[in-house]
Engineer: 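Handing you a structure now.
This structure is a prediction, so every number in the text was calculated from the model and none was measured.
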Amino acid sequence: MIKVEVVFALPDCATSLSVDVPEGTSAEQAVLQSGILERCPEIDANDLTLGIWNRTVKLHQVVSDGDRIEIYRPLIADPKEARRRRAEKAKEEGRASKVTGGRPVSLGDKE
């Protein structure tokens, strides 16, 4: 048997459970065996995204003794879309060039 930790965090609280599992157990199996799904109904067992020590892994990844298995929540916003909106706002506010998207060059900056 090996000992792993299964964690799930929300903005205001985190749940961490230690569980003993047989060697050769997958990350998904460890999550299911930990009982965290019963404690945290926010977790969608049909759409798990897992990581081990901050690195995303496949559900069938075999865990090692001492691993911390993290259950990731779905993204609220698409990172590409959020960046596009920030860039558009910067152009509108004059903090970025409307042509290149880079920082605008003022007359005092040219030599």
Side-chain angles (χ1 to χ4, degrees):
M1 297 294 271
I2 59 172
K3 185 176 284 298
V4 297
E5 181 181 15
V6 178
V7 296
F8 177 69
L10 292 171
D12 56 345
C13 66
T15 302
S16 175
L17 303 172
S18 289
V19 60
D20 292 323
V21 297
E23 285 189 44
T25 299
S26 71
E28 181 182 33
Q29 291 169 331
V31 168
L32 296 173
Q33 291 175 25
S34 72
I36 200 163
L37 298 177
E38 291 77 25
R39 282 187 160 191
C40 303
E42 307 90 347
I43 302 171
D44 181 0
N46 298 315
D47 189 26
L48 287 175
T49 302
L50 303 178
I52 296 177
W53 294 111
N54 298 323
R55 303 197 93 183
T56 305
V57 297
K58 298 200 182 296
L59 298 179
H60 62 268
Q61 170 74 38
V62 175
V63 297
S64 301
D65 190 40
D67 278 349
R68 182 181 70 201
I69 304 162
E70 300 147 350
I71 303 170
Y72 299 130
R73 293 179 284 132
L75 294 176
I76 295 171
D78 176 15
K80 288 182 183 178
E81 180 63 23
R83 191 211 174 286
R84 187 190 63 73
R85 276 187 267 143
R86 284 193 311 272
E88 288 298 322
K89 184 177 179 186
K91 288 178 191 176
E92 290 170 8
E93 294 174 353
R95 294 182 290 119
S97 166
K98 293 187 186 319
V99 177
T100 65
R103 292 201 171 157
V105 177
S106 68
L107 296 175
D109 293 342
K110 292 185 177 182
E111 293 183 17

Engineer: Quick one: pull up CD in Glu88 and CZ in Arg83 and give me the separation to the nearest 0.5 Å.
Structural biologist: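 Here the rounded value is 10.0 Å.
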Engineer: Transitively linked via ILVMFWY side-chain contacts under 4.5 Å: Trp53 with Leu48?
Structural biologist: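 Yes, one cluster joins them.
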Engineer: Would you say the side chain of Asp65 lies within less than 4.5 Å of the side chain of Val4, judging by non-hydrogen atoms?
Structural biologist: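 Of all side-chain heavy-atom pairs linking Asp65 with Val4, none is under 4.5 Å.
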Engineer: Who passes salt bridge (Lys or Arg N to Asp or Glu O under 4.0 Å) against Arg84, sequence neighbours left out?
Structural biologist: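 Only Glu81 meet the salt bridge (Lys or Arg N to Asp or Glu O under 4.0 Å) criterion with Arg84.
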Engineer: Honestly curious: do Val7 and Ile2 fall in one hydrophobic cluster under the side-chain, below-4.5 Å linking rule?
Structural biologist: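 No, no single cluster joins them.
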Engineer: Tell me every residue that passes side-chain hydrogen bond (donor to acceptor under 3.5 Å, both in side chains) with Arg86, counting only those two or more places apart in sequence or in another chain.
Structural biologist: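 Checked Arg86 against side-chain hydrogen bond (donor to acceptor under 3.5 Å, both in side chains); zero matches.
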Engineer: According to a hydrophobic-cluster definition based on side-chain heavy atoms being under 4.5 Å apart (Ile, Leu, Val, Met, Phe, Trp, Tyr only), do Leu10 and Leu17 belong together?
Structural biologist: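 Per the 4.5 Å side-chain linkage, Leu10 and Leu17 are co-clustered.
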Engineer: With sequence neighbours excluded, give me every side-chain hydrogen bond (donor to acceptor under 3.5 Å, both in side chains) pair touching residues 34-47.
Structural biologist: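 As it turns out, there is no side-chain hydrogen bond (donor to acceptor under 3.5 Å, both in side chains) pair with a partner in residues 34-47 once direct neighbours are skipped.
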Engineer: Measure the shortest side-chain to side-chain distance between Gln29 and Pro22 over non-hydrogen atoms and say whether it is less than 4.5 angstrom.
Structural biologist: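 Side chain of Gln29 against side chain of Pro22, heavy atoms only: no contact under 4.5 Å found.
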Engineer: Let me see the working for Ile71 and Leu50 under side chain to side chain contact (heavy atoms under 4.5 Å, CB included), right down to the final yes or no.
Structural biologist: CA-CA 5 Å; Ile71 303 170; Leu50 303 178; 3.7 Å; yes
Engineer: Sequence neighbours left out, what pairs pass salt bridge (charged side-chain N to carboxylate O under 4.0 Å, His left out) with at least one residue falling in residues 25-34?
Structural biologist: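 Of all non-adjacent pairs touching residues 25-34, none passes salt bridge (charged side-chain N to carboxylate O under 4.0 Å, His left out).
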Engineer: Rounded at 0.5 Å granularity, tell me how far CD1 in Ile69 sits from OG in Ser26.
Structural biologist: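 OG of Ser26 is found 8.5 Å from CD1 of Ile69.
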Engineer: Only distances under 3.5 Å count here; give the side-chain donor-acceptor pairs of residues 54-61 to other protein atoms, sequence neighbours excluded, each with its distance to 0.1 Å.
Structural biologist:
none

Engineer: What side-chain hydrogen bond (donor to acceptor under 3.5 Å, both in side chains) pairs are there with at least one residue in residues 14-25, not counting sequence neighbours?
Structural biologist: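 Qualifying pairs, neighbours excluded: Lys3-Asp20, Glu5-Ser16.
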